[in-house]
Amino acid sequence: MPVIKDAVCSLCGSLCDDITVTVEDNKITKIENACILGHSKFVGMFEHDRIETPMIRKEGELVPVSYEEAIEAAANILVNSRRTLSYGWCSTSCEAISKAIQLAEETGSIIDSTANVCHGPSALAAQEKGAPSATLGEIKNRADVLIFWGCNPVHAHPRHMSRYSSFSKGFFTEKGRKGRKMVVIDVRKTDTAKLADTYVEIDQGSDLLLITALRSIVNGHADVVPETVAGVSKAEVMELAETLKNAKFVCVFFGMGVTQSRSKYKNGDGVSSLISDLNQHTKAVMIGMRGHYNVTGFGQVATWETGFPMAIDFARGYPYYNPGETGANDVLVREEADAAIIAAADAGAHFPQKAVRHLAKIPVIQIDPYANPTTEIADVIIPAAVVGIEAEGTAYRMDAISLRMKKLIDSKFKTDEEIAKDLIAKVRELKRGA
Ligand code: SF4
């Protein structure tokens, strides 16, 4: 019975690469080292609602068809559309993302990633102020003060703290958790906050106020800080600023509480400025707690191929980027898109109601291994192999370290990369015939 060591878990941005998988009769029968989320990913493919065959919606009903028929139907939608949105491509390989970008260019589409509803504001902040960062290996080996701001790794990245941060033991951090100070800043006492040395409870949507107060103190202007900031007493903010200044190596891990609350990208912008200020006193870095296992990979591939990390519009024949105008939700809420590809993501479940309502009105092509709410509004459904289990490929961890995902079992399904390549070929053929 084959035992595969050092498999990579293709679920969250921690991209754990120490998973041991036992395979019997082309089925995964045992998983070691994965957390409960990772475990459900590896075994989920045998339990969840798998899309078993390509399908086309005819008179309201989904009818099974061959891959060739589904690709042809999808390509027809693409060549007849004037403004296609291609969205998702974050739970797949960089190789597939590269082909998806080529397809978007070929069809003059907008292509956007799940960052649109996640860490997109962090990208905007990085463009404006930079993002002084580090690898998770550096954090493991050096960081003595860890801030988890607006994120809850116990639930969203369960092995993050044991592998890379709070509990891990490194070269200069051999005492592990005992040698590190852990601070959680959040609006509620999460399970992560319960493990912290210090929990700072802030008012909802007031992150920028606290960031600004911390910056004022770090820069020697404590006198301008009022007695209470963001629901936190001045004394507590002063103590936190001292903890940061006196650290040997600070890392601020930040999540949705920072990027999706009031002030959005300005919060990330503020964290970046705070990190720069702290570097006058000590060593400080920031890392976004990226969600999908390869959302960072989308940003990497898109940036080196088009110059932009997300929300890229090819309508003019060259890449144009203006989030707020060219983001996935922008073109859906404005009812601008007249067709959509939703790949390796579930807009049906995770987009705001107005955007989903518009998706339901236009032709939707879904590329995914599993049935989900997007399937309910899709017109052409193309099943895909699960990357990291049924297909190999490259992914980027939350700290932009690339890792190679292994193929663990055989599959009857095409990979996302093959599907995107087939779509490019069919679109070219239809355009030539037009
Ligand atoms: S922490 Fe994330 S990458 Fe690691 S095993 Fe759990 S789900 Fe997978």
Side-chain angles (χ1 to χ4, degrees), residues 3-23 28-48 90-94 113-115 118-119 135-137 139-140 143 146 148 150-170 176-177 182 184 190-192 195 251 253-256 287-300 344-346 350 369-370 372 385-409:
V3 175
I4 302 161
K5 287 193 184 286
D6 301 328
V8 177
C9 173
S10 54
L11 196 131
C12 83
S14 297
L15 212 61
C16 297
D17 56 350
D18 61 344
I19 314 295
T20 302
V21 178
T22 305
V23 176
I28 295 171
T29 53
K30 193 173 166 197
I31 302 127
E32 290 162 76
N33 298 338
C35 69
I36 188 165
L37 297 182
H39 191 276
S40 72
K41 169 99 190 212
F42 284 107
V43 297
M45 54 179 303
F46 304 107
E47 290 170 357
H48 296 164
C90 290
S91 286
T92 189
S93 67
C94 290
S113 76
T114 53
C118 191
H119 267 282
T135 66
L136 290 172
I139 307 307
K140 175 180 175 172
L146 301 166
F148 292 94
C151 56
N152 186 8
V154 167
H155 288 199
H157 301 82
R159 295 184 72 217
H160 187 280
M161 291 195 293
S162 59
R163 263 174 77 76
Y164 314 109
S165 52
S166 314
F167 298 100
S168 64
K169 292 183 180 172
R177 178 70 184 88
M182 178 179 163
V184 171
T190 61
D191 285 334
T192 302
L195 298 172
C251 180
F253 291 106
F254 62 104
M256 297 291 90
I287 296 180
M289 297 289 273
R290 306 303 300 270
H292 291 73
Y293 73 86
N294 200 25
V295 63
T296 307
F298 186 100
Q300 295 281 325
D346 186 5
H350 302 297
Y370 301 106
N372 55 36
V386 181
V387 179
I389 298 178
E390 297 172 320
E392 62 175 6
T394 309
Y396 279 74
R397 208 167 60 188
M398 63 169 71
D399 55 344
I401 293 295
S402 64
L403 292 161
R404 188 78 186 157
M405 295 174 293
K406 294 179 178 174
K407 176 178 173 169
L408 309 173
I409 57 172

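Reckoned from all heavy atoms, side chains included, excluding hydrogens, waters and symmetry mates. Remember, it's 1-based here, ligands and their atoms both numbered in the order they're listed.
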Quiz item: Going from OH on Y293 to SG on C16, what distance comes out if it is rounded to the nearest 0.5 angstrom?
Solution: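 Reported to 0.5 Å precision, the distance equals 14.0 Å.
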
Quiz item: Side-chain donor-acceptor pair under 3.5 Å between T192 and N152, yes or no?
Solution: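 Present: a donor and an acceptor within the cut-off.
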
Quiz item: Between the side chains of R404 and T394, does any donor sit under 3.5 Å from an acceptor?
Solution: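 Checked: R404/T394 side chains pair up, N/O donor to acceptor below 3.5 Å.
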
Practice problem: With 2.8 Å as the limit, jot down which protein N, O or S atoms are around atom 4 (Fe) of ligand 1. | Solution: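 Hits for atom 4 (Fe) of ligand 1 below 2.8 Å: C16 SG.
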
Self-check item: N/O donor-acceptor pair under 3.5 Å between N33 side chain and D18 backbone
Solution: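 The answer is yes, because a donor-acceptor pair under 3.5 Å joins these two groups.
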
Exercise. Could you please spell out the steps behind the side chain to side chain donor-acceptor pair (under 3.5 Å) verdict for S165 and H160?
Key: CA-CA 6 Å; S165 52; H160 187 280; 2.9 Å; yes

Practice problem: Applying salt bridge (charged side-chain N to carboxylate O under 4.0 Å, His left out), run through R163 and D17 and close with a yes or a no. | Solution: CA-CA 10 Å; R163 263 174 77 76; D17 56 350; 2.6 Å; yes

